[in-house]
There are 2 protein chains.
Amino acid sequence: MLNERTEKVLFAIVESFINTNEPVGSRFITKTYSFNLSPATIRNIMADLEEFGFLAQPHTSAGRIPTDRGYRFYVDFLSRSSEVEDAFIESFITRLEAKREDLNGLLEGAARTLSEHSRYLGLAAPMKSGRTTLNRIELFNYRGNYIAVVLLTDEGPIKHKIIRAGQKLTPGTLRRISDYLNQEFSGYTVDEIRLKLVKEMSREKALCDILITKAVEICREALSFPPGEIYVCGFSDFIGLPDFSSRIREIAGAIEDKHFMLKLLEQVGAGIEGPSVLIGSENPVKEMKDLSLIVSTYKQDGKVAGSIGVIGPTRMDYSRAIVMVQTAARFITEALSQ
Amino acid sequence: MLNERTEKVLFAIVESFINTNEPVGSRFITKTYSFNLSPATIRNIMADLEEFGFLAQPHTSAGRIPTDRGYRFYVDFLSRSSEVEDAFIESFITRLEAKREDLNGLLEGAARTLSEHSRYLGLAAPMKSGRTTLNRIELFNYRGNYIAVVLLTDEGPIKHKIIRAGQKLTPGTLRRISDYLNQEFSGYTVDEIRLKLVKEMSREKALCDILITKAVEICREALSFPPGEIYVCGFSDFIGLPDFSSRIREIAGAIEDKHFMLKLLEQVGAGIEGPSVLIGSENPVKEMKDLSLIVSTYKQDGKVAGSIGVIGPTRMDYSRAIVMVQTAARFITEALSQ
DNA sequence: TTTAGCACTCACGTAACGAGAGTGCTAAAA
DNA sequence: TTTTAGCACTCTCGTTACGTGAGTGCTAAA
C-alpha cells in the first residue's frame, strides 16, 4: 500500500512531531532529513498520507500531525532495540534493592522510577486478587469481640481483615476453626474459594455443625476484599505536559478513578507477553482519546502476577517508553524470583 | 482598631468574593447588603481596610479582594454554628456504615465524602505510626526461608511485613521468639520499642542468647515501617477549580508529595481540639500560598488517633468546610468507639 | 516524475479603540 | 464631623483591523 519512500516520510513526520510538538511542514522535513527531495514532492507525499488517514491537518495552511493510525504505523515498525539509559537502570536498582521482600514497595518504587524517567504517568498493579492462591489462614482474638484474620497468599502480600465475632471464642475453638479452614481452602485461588463457599453453605446447613458455620462465616467476611491496589505516580509532571493544557480536568478524573485504571491495565496486559501499546482512540474510553498506554506484565513463578506501564500523550516517545516498560517488567520479574 | 461598621463591611466583602470570585466594588456592596450607605462611603471604608492590610486591589481601577489577613479575620469571627447539609451526613453514614472495623476503609471513605461534598481536596491520615501502641506480635514461617511478621496495634490497622530469616526456624523456636517479643514489647508504642531495641542490642551481646538475638533482629526489621498512609481524594475536581488555572502543576506537585502532606497534617492538627484553619501564606510552604487548609483530629479511646481535613483555595467557603470537617471528625471518632 | 513558482489560506501578534467598571478626590449637604 | 454627589481618571477587556510568516495546493515547466 505504501511504498518505502512514503513510509520513510511518514516515519520522519511522526518522529519530528514527537520531538517538537508542532505541526510539521514539508520544508522542515527537507531541511532535517536528507531525502534529496524538494518540499513540493514532500507535499505530494503528505497529501497521499493524509488521504490514507495517516496524517491530518489542524487547519488548511498548517503542517501535518500524525493521526492515531499514523502513530500505530510508527509503533508497529519501530525497531524495538533501542538502548535503555544507564541512569534509568541505575535508579531502578538502587530504589528497589531494599524492597525485594515487599511487593507493594517494589511496585510503588517501580511506578515512581518509571514516571520520573519517562516524565509520563507511571503505573503498577498486582493482578486482581481473585486469582491469587491462598497459602494459609491465621486467626487471632483481637480486642475482645473481634477476630483478626490474616490471609497469607503465594504472591507475597498478606491481606488482613478485622471482623466482628458474635461472641468471644476460646483459643481452642479458634484454632480448630483455622485448622478447618486451612485444610479446606489453602492451595485454592480466592475466586475458587468464593465458589466453594457457596457450596459449603448449603452443606453446612445439613451438617448443623456450629464450628463449621462459624468458620465459613469468618472466611466469607474475610474474603470481601477491598478492590485492590494500584500505584499511580508522576501525576504532577504528567498534567504539566503541554499536550493537555485544556482537558486537564477530564483526564485527571479518569486517572483518579483507580477502579477503572485497574480494569484497563488488566484488559490490556492480559495474555500478551511483551509490552503492548494502546494508542489514543484505540482505547475504549473517551476520556483517554489523546492518551497512549504502554503496559507489560510481570511474572512470578512463571505465572503472570501483575502489570506495569506508563500513560502518556499520544505524542509520546514510544521507543524510549516501550524499552523502559519492558525493562521495568523484567526487573520486577527478576526481583520476585529472588 | 476596627469599628463595628467597618467589620461588617469587611465581612460582606469577604463573603461576596467567596461567592463570586470577582473583585468586589463599592457599588456592589451597597446593592447587595443594606448598609444604607452610599458607594462613596463604602469606598472610604474600603480604603481604610486596605490600609490596615485586610483588602487588596488587583489593579488601580478594580474592586477589592481580601488578603490572607482579611480571610483570617473572617474566619476568626465566623459563627461556627452553621448547619451541616443533610445530604452530607447521609452520604457519610451510608458510605461508612459498612466499614466500622476497617480503619483504612473508614478514612478513605471519609476523605472521599468530604471531597465530594465540599468540592475541595479531602484528606485523611492516621497518626504517625510511631505513636501507636503495639498490642501483639505474631510470627509464621512463610514460603521456606521467610518469616511473616504481623503486628497487631491498638488502633485497628495491622501492619505486616515479610522478612528473610537466615535459616528455616522450627515452629517451636518461632513460638518461643514471639513469646519473648510479646512479653517484652507489647503495650509499648512503636517509638518506645525502637528505643528499647537499641538498649536490648547491647545487653543481648552480653547474654549471647541466640534466640533473643534472632528475636531482636526480627523485631527491628519488622519495625522499619513504610512512611504511613494518607488518603487524598478529589484531585480532579480540585484542580478544575477556576482559582488555579495557572500554577496547576506546582500545586499538583505539592499535593502529590504524600510525605510532605502527612507532615503538614500532623503539624497543623497537633494539640488543637476543634478544626484549625491555615490560610494561604500562613502555610509555611510556598507552593501552598494560595491554598487554605482545614484540619481536625479524630480520637480513639480518648487519645488523638489521626487527622482529617480539606484543602481548598484561600477563596473557600470556610463556614461550610469547617462544619464539614468537624462533622467528619466526630463521625470517625464515634465509629472508632463502636 | 519531480520541481519551481505563485496565489491563497490561516493563525498569531500588535495596535487602536470604545465600553464598562471602579476608583480617588473635592466640594457640597446633612 | 460625617456622608454624599459629582467628576475626572485609570485600568481591563473585548472587538476590530492589519501585517507577517508559515505552509499549502495547483499549474506548468524541467
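Below, read A as the first sequence line, B as the second, and so on, with proteins coming before strands; counting in each chain starts at 1.
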task = Output the distance between atom CG (B:Leu37) and atom OG (B:Ser26), rounded to the nearest 0.5 Å.
result = 11.5 Å
ask   = How does each nucleotide of nucleotides 3-9 of chain D score, in 5' to 3' order, for protein heavy atoms under 4.0 Å: base (B), sugar-phosphate only (S), or none (-)?
value = SBBB---
Which residues satisfy the ring pair (Phe, Tyr, Trp, His ring centres under 6.0 Å) test with [X], sequence neighbours excluded?
X: A:Phe52; result: none
X: B:Tyr71; result: B:Tyr318
X: A:Phe73; result: A:Phe54, A:Phe77

All pairs passing side-chain hydrogen bond (donor to acceptor under 3.5 Å, both in side chains) where residues 53-69 of chain B contributes a residue, at least two apart = B:Glu50-B:Arg64, B:Asp68-B:Ser281
inquiry  = Among residues at least two apart in sequence or on other chains, which ones pass side-chain contact (heavy atoms from CB on, under 4.5 Å) with A:Glu22?
reply    = A:Thr20
task = Ignoring hydrogens and angles, tell me if any N or O in the side chain of B:Glu282 forms a donor-acceptor pair with the backbone of B:Ile279 under 3.5 Å.
result = yes
request  = Could you check B:Glu250 against B:Lys286 for salt bridge (Lys or Arg N to Asp or Glu O under 4.0 Å), going step by step and ending with a plain yes or no?
outcome  = CA-CA 10 Å; B:Glu250 254 185 287; B:Lys286 81 163 192 303; 5.6 Å; no
Enumerate the protein-to-nucleotides 27-30 of chain D contacts in which both atoms are nitrogen or oxygen and the separation is below 3.5 Å.
none

task = Kindly express the pairing pattern of DNA chain D in dot-bracket notation, using | wherever a base pairs with another strand and counting only Watson-Crick or G-U pairs under 3.5 Å.
result = ||||||||||||||||||||||||||||||
Is there a side-chain contact between [X] and [Y], using heavy atoms and a 4.5 Å cut-off?
X: A:Val310; Y: A:Met324; answer: no
X: B:Tyr33; Y: B:Lys8; answer: no
X: B:Leu265; Y: B:Met261; answer: no

inquiry  = Measure CG/B:Asp48 against P/D:dT2 and give the value in whole Å, please.
reply    = 11 Å
ask   = CD1 of A:Ile45 versus P of C:dT2: gap in Å, rounded?
value = 8 Å
task = Using a cut-off of 6.0 Å, state whether more than 12 heavy atoms not belonging to A:Lys289 lie near its atom NZ.
result = yes
Considering only distance and modelled atom types, tabulate donor-acceptor pairs under 3.5 Å from the side chains of residues 232-244 of chain A, sequence neighbours left out.
| residue | atom | partner | partner atom | Å |
| --- | --- | --- | --- | --- |
| A:Ser236 | OG | B:Glu256 | OE1 | 3.2 |
| A:Asp237 | OD1 | A:Arg119 | NH1 | 3.2 |
| A:Asp237 | OD1 | B:Arg249 | NH2 | 2.9 |
| A:Asp237 | OD2 | A:Arg119 | NH1 | 3.3 |
| A:Asp243 | OD1 | A:Arg315 | NH2 | 3.2 |
| A:Asp243 | OD2 | A:Arg315 | NE | 2.9 |

key: DNA chain D-proximal residues of residues 6-32 of chain A, any heavy atom under 4.0 Å   = A:Gly25, A:Ser26
note = Expected list for residues 56-67 of chain B near DNA chain D, using heavy atoms below 4.0 Å, is B:His59, B:Thr60, B:Ser61
ask   = Taking A:Leu123 as the fixed residue, which of A:Ile308, A:Leu293, A:Leu114 is the one that meets the side chain to side chain contact (heavy atoms under 4.5 Å, CB included) rule?
value = A:Leu293
ask   = Of all residues at least two apart in sequence or in a different chain, which pass the side-chain hydrogen bond (donor to acceptor under 3.5 Å, both in side chains) check with B:Asn3?
value = B:Thr6
